[in-house]
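Residue numbers start at 1 and run along the sequence shown. Counting starts at 1 for both ligands and their atoms, following the listed order.
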Amino acid sequence: MVDKPTMTTSAGAPVSDNQNSQTAGPRGPVLMQDYHLLEKLAHQNRERIPERVVHAKGWGAFGTVTITHDISKYTRAKVFAEVGKKTDVLLRFSTVAGEMGAADAERDVRGFALKFYTEEGNWDLVGNNTPVFFVRDPLKFPDFIHTQKRHPKTNLRSKTAMWDFWSQSPESLHQITTLFSDRGLPVAPMYMNGYGSHTYSFWNDAGERYWVKFHFKTLQGHKTYSNAEAEKVIGASRESYQEELFGGIERGEFPKWRVEVQIMPEMDADKTSYNPFDLTKVWPHADYPQIEVGVLELNRNAENYFAEIEQAAFSPSNVVPGIGHSPDKMLQARIFSYADAHRYRLGTHYEALPVNQPKVPVRHYHKDGAMRFMPNNPTPDAYYEPNSVGGPVEDNSVKEPPLRIVGDADRYNHRDGNDDYGQPRALWNLFDDAHKRRLYANYAAAMEGVPDAIIARQLAHFEKIHPDYAAGVSAARAELAAASGPADSISDNESAKV
Ligand code: NDP
């Protein structure tokens with residue numbers, strides 16, 4: 001017989017009966033005093049927390065980053081201090097638009113959020129499986145996300161809203177060319193790259209700053225689904241990513257990525273033909289070659305998905321000495337909005353949850369708030385600063401060098417001086433003819449039912465990438481219309497007036 005421990009209430013008292021409620025006689029109603037029953041029901045009511053508005057559906061695992069090449073001349077961050085150095089990490093992948101119950105194998109950008117538990121505190125690199133994004137100005141972000149979510153009246157997702165927004169936001173062309181290409185629908189998280197996407201900075205012991213881009217190249221190779229393949233997968237399982245990632249790690253198949261950086265000397269930022277802080281642009285490899293840094297491996301599943309993956313809180317605000325931000329407008333906004341999202345959905349002290357807790361002592365003067373359970377600092381008298389009782393103090397030796405800012409404060413038109421067509425063209429040029437045909441067919445499927453005026457506006461942008469691009473999408477639309485019969489005259493967007 002298995003020796004079983006005694007069940008207790010959450011206050012630790014032994015439970016005498018977990019099968020039968022306390023009732024007034026065998027046929028009578030339950031008693032109010034049956035607190036064990038009340039506690040079970042009350043806890044069940046509180047089992048959900050607000051899901052993330054963006055990146056709600058996710059999969060994650062723990063692992064390590066091992067440094068294989070020395071880049072300590074660029075950064076003083078101890079995570080990169082020497083070859084052979086290993087740092088524990090948590091990686092959460094996600095889709096962007098789908099809710100918690102959405103199917104995994106949907107065409108969407110994937111989140112690629114890393115937490116490095118370094119000896120200088122947590123460093124979070126909260127990126128995607130694409131090197132660029134749909135918008136470059138954070139003022140547009142909530143509107144963009146609205147178009148990916150449900151229409152307020154129909155409660156359905158609206159292709160019209162998506163194309164209405166994209167066709168008026170040509171900075172999205174680079175990202176949508178990726179999204180509707182093969183890499184827009186990976187088979188599972190281990191078969192895709194990760195990118196820090198934003199421009200960050202490195203700074204070294206001499207106080208010199210370099211701009212940096214982070215890349216994580218899959219060592220499993222790229223594997224992607226066509227729309228038709230994904231429909232079959234979703235018909236059989238909505239959880240295909242969790243099955244592959246969790247199952248693979250349980251079987252001892254540990255996925256790996258090669259960690260690379262691109263480094264730009266600080267003053268080059270004034271010289272590049274493109275804005276190096278624009279999230280809709282990459283830095284061409286010919287200008288800034290990839291420098292190999294290390295290997296990322298995932299090798300341990302969470303013991304409790306909710307505690308360790310759902311409650312994992314990543315924020316670009318978390319940097320460590322030697323790593324800094326950049327003038328990237330989107331990054332600047334995310335520094336606020338990610339930490340703010342976690343305060344809302346997890347609570348004031350979300351960084352004290354075990355999965356988010358740094359592996360170094362945490363000493364600050366934030367006080368009280370819901371679920372305050374951290375110890376005093378180091379005495380109860382040290383609850384303000386400066387103090388005379390030995391409380392923690394600042395350390396000027398980790399002061400970041402000044403971030404160079406050029407220009408007067410104003411609301412600059414973010415389209416001025418930005419070429420929205422050249423880099424999407426460079427990407428499209430990488431695709432062979434068969435890949436281009438799949439791209440056009442994916443667009444055609446995603447545009448079904450969208451009003452003609454919106455499509456015309458989008459085709460005009462494709463035309464500027466290349467006339468063949470626009471012609472390819474038009475031909476694919478005609479082919480799809482011929483195969484599906486008369487066009488659906490009902491717009492999927494109640495309010496589309498174009
Ligand atoms: P390169 O030829 O030096 O690099 C091309 C990059 O594109 C490689 O990183 C490669 O990733 C990636 N790539 C290859 N095939 C595809 C594909 N089918 N779908 C998506 N990405 C693919 O050229 P440049 O650096 O001059 O960049 C040209 C274009 O490549 C850019 O406009 C951009 O769209 C795209 N790209 C560039 C990246 C960069 O950081 N420079 C990063 C990713 C894409 P992999 O190594 O995994 O094959």
Residue, atom name and distance, where the atom is the protein heavy atom closest to atom 46 (O) of ligand 1: Lys217 NZ, 3.2 Å

Protein contact to atom 31 (C) of ligand 1 [nearest heavy atom, distance to 0.1 Å]: Val282 CG2, 3.6 Å

Sidechain N-carboxylate O distance under 4.0 Å for Arg52, Glu310: yes

Row check, Trp428 ring normal vs Lys436 NZ/CZ: under 6.0 Å, within 45°: yes

Shortest protein heavy-atom distance from atom 35 (C) of ligand 1, along with the residue and atom involved: Leu427 CD1, 3.9 Å

Results of side chain to side chain donor-acceptor pair (under 3.5 Å) for Ser273 - residues two or more places apart only: none

Contact check, Asn193 vs ligand 1, heavy-atom distance below 4.0 Å: yes

Part of Phe431 with heavy atoms under 4.0 Å of ligand 1, whether side chain, backbone, both or neither: side chain

Shortest heavy-atom approach to atom 45 (P) of ligand 1 - which of Gln262, Arg183, His215: Arg183

Within-4.5 Å side-chain heavy-atom neighbours: Phe165 and Lys140: yes

Flag for Glu106-Thr95: side-chain donor and acceptor within less than 3.5 Å: no

side-chain hydrogen bond (donor to acceptor under 3.5 Å, both in side chains) between Asp328 and Ser326, worked out: CA-CA 5 Å; Asp328 178 339; Ser326 82; 5.0 Å; no

Partners meeting ring pair (Phe, Tyr, Trp, His ring centres under 6.0 Å) with Tyr225 (sequence neighbours left out): none

Sub-4.0 Å heavy-atom approach of Pro131 to ligand 1: yes

Atom 32 (O) of ligand 1 [closest protein heavy-atom partner, distance rounded to 0.1 Å]: Gln423 O, 3.1 Å

Nearest-option assignment for atom 1 (P) of ligand 1, heavy atoms, candidates His174, Arg258, Lys281, His285: His285

Protein non-hydrogen atom found under 4.0 Å from atom 27 (O) of ligand 1: no

Which residue and heavy atom of the protein sit nearest atom 7 (O) of ligand 1, plus the separation: Leu430 CD1, 3.4 Å

Any donor-acceptor N or O pair under 3.5 Å, side chains Arg183, Asn129: no

Short side-chain donor-acceptor distance under 3.5 Å, Lys86 and Thr66: yes

Subset of ligand 1 atoms that lie under 4.0 Å from at least one heavy atom of His222: 47 (O)

Lys/Arg-Asp/Glu bridge criterion (N-O < 4.0 Å) met for Asp164, Arg457: yes

For atom 41 (N) of ligand 1, closest protein heavy-atom neighbour: Trp283 O, 3.0 Å

Any Thr178 heavy atom less than 4.0 Å to ligand 1: no

Element-labelled atoms of ligand 1 that are located less than 4.0 Å from some non-hydrogen atom of Tyr195: 42 (C), 43 (C)

